[in-house]
Amino acid sequence: MIPLLAFSLSYILIDVALGLTSLVVGFVAALVYARHAHGSRTASEPSDERRQLVQANDNERTAMAAQQLRSLAHEMASDVGAHCQVMDGISSELGALKLNEGDGLAVNSAVARILSANSQLRFRLDEAERKIAAQAEEIRTQQFEARTDVLTGLANRRAFDDEVRRLMKAFATQGRVFSLLILDVDHFKKFNDTHGHQAGDEVLRAVGLTLRSVVKSGDLACRYGGEEFAVVMVDTNAKQARVAADRVRRAIEEMSVDFEGRRLSVTASIGVAQIAPLQDAAQLIRRADDAVYASKKAGRNAGHWHAGTECLPLDQDARPVEIPVTQPVDKKPILATPVGDFGDRFRKLPDHRVMADELGRRISESLRFGVPLALTRMEVVDFDSLESSYGEAVGDLILDSVVAFIRSNLRDMDLLARMGRGQFAIMLPGSGTDEAANVVRRVATVLASAPVPIGGKQLVLKLKSGIANAKAGDDAASLLDRAALAMDSKTLVPACV
């Protein structure tokens, strides 16, 4: 009799396992829906009427998929609940049995009912899993369609915006440089008027195929809109992008399309720009567009790159600009971006007094509770000389660039303060030497890989730094002094870490 009871118990355990399976499947369903819903919320979309209709259709399909998943989850919960009631009844019957020979038939009957109930539940779970898989595939298809241009099969404007936004963040936090290529099919309106819109569509498809064949893995080729295309080039500087752009131009020039017995061909005007400090996505796109315009002005079937203050042919390097050691006060330096209110970021930082007050409080907490506290001093190498040579406006631009890059690597609890022109202090509560050193390395890497454009020159900034940890007997002044001494004794932070 005991083996029979153990046998029945094993089936009850099977029931529990099936119940857990249903919970896992339900969790996966909820996860698929949540991930898709998040993607729908964060995706950017142009505001024209047609794209609004597409977005509305996407939202309707999402809502339907979500409702079906909720219904499935409810059905599965009901099935598992009913199954548990059956198992409870059988368990009660088994508990009421007396351990004698006459109860064998009852136990066998209970086992048979358990087998039947488990089989039914397993069938229901398999059916629900199949339906969930179908819904997940529907959502994946919808996500693909929402980010893909139907005509060319390339990524669309939504995918372009998302990728540029992602790379802007990587540039700000990690110093990862990227470049943007924009191309415009030459005389496309005239081409459509001459050969018809169907021929134009075939040409656009061919351009899409050509881009996919020549763009390197990891870069994103997009249909930007109409006859405009774009390539977002990851970890690519202007020099590398210029080579890639000329390869794209030549591939389109050599492309031919057979349409209704005619062999058609087109050319493209191309513009390239590399991301630069203190620029947003709109400014980067505008610079690449300016380079496209320069290619059109040069006769089309050409490529130009934005060198900071001017657009140059792809095969021409930036012209060196001679800047005198001293400049008249009223002479403004030529910058790649408008001067605006440069210096505000630096001037609005807390000063030495605020840092000393906050540092004193944090030192007391650190010593009382045993929490580490690190202080970092940073200084832009040769800042005084740079400002003397290029002027105060350039000095402000440099300081704002450094502030932006430092802040992108700090937490909310950290405190960045100005200690003098070109000099900074960073308080890092809860951090030791290793964490402070990582902040220094990240900032140095960003500065080394993102030179500040001045005229036709690219000014690479370097830092020297020093780190000190709070210890017994420290006050704000002594900790600041020890970090400054460490900075003076250190070699320059390497340009690439």
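Scope of the values below: all heavy atoms of this structure, side chains included, with no hydrogens, waters or symmetry mates.
Between Glu228 and Val292, every side-chain heavy-atom pair lies at or beyond the 4.5 Å cut-off. The shortest side-chain heavy-atom distance between Val243 and Lys239 does not fall under the 4.5 Å cut-off. Two residues are said to be in side-chain contact when any heavy atoms from C-beta on lie closer than 4.5 Å; Lys169 and Leu167 fail this criterion. You'll find the side chain of Thr152 reaches within 4.5 Å of the side chain of Phe229, heavy atoms only. Here the side chains of Glu379 and Phe424 are not in contact, with every heavy-atom distance at 4.5 Å or above. Leu463 places none of its side-chain heavy atoms less than 4.5 Å from the side chain of Val381. Looking at Asp414 and Met427, their side chains never come closer than 4.5 Å, going by heavy atoms from C-beta outward. No side-chain heavy atom of Val257 sits less than 4.5 Å from a side-chain heavy atom of Arg263.
Residues satisfying the salt bridge (Lys or Arg N to Asp or Glu O under 4.0 Å) criterion with Asp219, sequence neighbours excluded, are Lys216. In this structure, the side-chain contact (heavy atoms from CB on, under 4.5 Å) partners of Glu227, at least two apart in sequence or on a different chain, are Asp184, Val185, Phe188, Leu204. Listed by chain and residue number, Leu180, Ile182, Ala273 satisfy the side-chain contact (heavy atoms from CB on, under 4.5 Å) test with Ala288 (two or more places apart in sequence, or in another chain). Residues passing the side-chain contact (heavy atoms from CB on, under 4.5 Å) test with Asp280, sequence neighbours excluded: Ala282, Gln283. Residues meeting the side-chain contact (heavy atoms from CB on, under 4.5 Å) test with Ala436, sequence neighbours left out: Ala374, Thr376, Leu428, Ile467.
Of the inter-residue distances, the one linking Arg223 atom CZ with Phe160 atom CZ reads 14.5 Å to the nearest 0.5 angstrom. Within the model, atoms NE2 of His306 and CZ of Arg286 stand 9.5 Å from one another, a figure rounded to the nearest 0.5 Å. To the nearest 0.5 angstrom, Leu284 atom CG is 4.5 Å from Ile275 atom CD1. Atoms CG and CE, from Leu264 and Met255 in turn, are 9.5 Å apart once rounded to the nearest 0.5 Å. The distance from atom CD1 of Ile398 to atom CG of Leu386, rounded to the nearest 0.5 Å, is 5.0 Å. In this structure, the separation between CZ on Phe346 and CG on Leu416 is 9.0 Å, given to the nearest 0.5 Å.
Neither side chain, Thr148 nor Asn156, offers a donor N or O lying under 3.5 Å from an acceptor on the other. With hydrogens and angles left out, the side-chain atoms of Arg411 and Ser431 include a donor and acceptor closer than 3.5 Å.
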Please evaluate residues Thr267 and Ile252 with respect to the criterion side-chain contact (heavy atoms from CB on, under 4.5 Å), reporting the C-alpha separation (whole Å), side-chain torsions for both, the decisive distance (0.1 Å), and the verdict. CA-CA 6 Å; Thr267 59; Ile252 293 175; 5.6 Å; no
For Asp246 and Arg250, run salt bridge (charged side-chain N to carboxylate O under 4.0 Å, His left out): C-alpha distance rounded to whole Å, both residues' side-chain angles, the deciding distance at 0.1 Å, then the answer. CA-CA 6 Å; Asp246 192 57; Arg250 285 187 281 108; 3.1 Å; yes
CA sep, side-chain torsions, deciding dist, call: Val266, His187, side-chain contact (heavy atoms from CB on, under 4.5 Å): CA-CA 8 Å; Val266 293; His187 300 299; over 6 Å; no
Residue pair Glu253, Arg249: steps toward the salt bridge (charged side-chain N to carboxylate O under 4.0 Å, His left out) verdict: CA-CA 6 Å; Glu253 181 185 30; Arg249 185 199 61 78; 3.4 Å; yes
Applying side-chain contact (heavy atoms from CB on, under 4.5 Å), run through Asp400 and Phe405 and close with a yes or a no. CA-CA 9 Å; Asp400 277 2; Phe405 293 140; over 6 Å; no
Worked check of side-chain contact (heavy atoms from CB on, under 4.5 Å) between Val177 and Asp235: CA-CA 5 Å; Val177 174; Asp235 296 325; over 6 Å; no
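Listed here is the closest heavy atom pair of Val272 and Ala241: CG1-CB, 3.5 Å. Scanning both residues, Leu154 and Ala221, for their nearest heavy atoms gives CB-O, 3.7 Å. Ser265 approaches Phe191 most closely through the heavy-atom pair O-CE1, 4.1 Å. Looking at every heavy atom in both residues, Ala281 comes nearest to Met168 through N-CE, 3.6 Å. When all heavy atoms of Ala251 and Thr210 are compared, the pair lying nearest together is CB-CG2, 3.6 Å. Looking at every heavy atom in both residues, Phe178 comes nearest to Met233 through CB-O, 3.2 Å.
Side chain of Asn409 to backbone of Val439: no donor-acceptor contact under 3.5 angstrom is found. Under a 3.5 Å cut-off, the side chain of Arg242 and the backbone N or O of Leu314 do form a donor-acceptor pair. No donor-acceptor distance shorter than 3.5 angstrom exists from the side chain of Ser295 to the backbone of Arg300, with no hydrogens or angles considered. The backbone N or O of Leu399 sits nowhere less than 3.5 Å from a side-chain atom of Ser401 that would complete a donor-acceptor pair. Side-chain atoms of Glu435 come within 3.5 Å of backbone atoms of Gly432 as a donor-acceptor pair (strictly under, hydrogens ignored). At least one donor-acceptor pair closer than 3.5 Å links the side chain of Trp305 to the backbone N or O of Pro313. The main-chain N or O of Ala172 is found under 3.5 Å from a side-chain atom of Ser408 such that the two form a donor-acceptor pair. A side-chain donor-acceptor contact under 3.5 Å links Asp186 to the backbone of Asn301.
Other residues, nucleotides and ligands contribute only 12 or fewer heavy atoms inside 6.0 Å of the CG atom of Asp382.
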Pair up each side-chain donor or acceptor in residues 193-201 with any protein partner under 3.5 Å, not counting sequence neighbours, and list the distances.
residue	atom	partner	partner atom	Å
Asp193	OD2	Lys189	NZ	3.4
Thr194	OG1	Lys190	O	2.9
His195	ND1	Arg262	NH1	3.3

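Looking at Glu163 and Arg166, a side-chain N of the basic residue comes within less than 4.0 Å of a carboxylate O on the acidic one, giving a salt bridge. A salt bridge is absent between Asp290 and Arg287: the closest approach of a Lys/Arg side-chain nitrogen to an acidic carboxylate oxygen does not fall below 4.0 angstrom. Look at Arg147 and Asp162 and you find a salt bridge, because one of the NZ, NE, NH1 or NH2 atoms lies within 4.0 Å of a carboxylate O, short of that distance.
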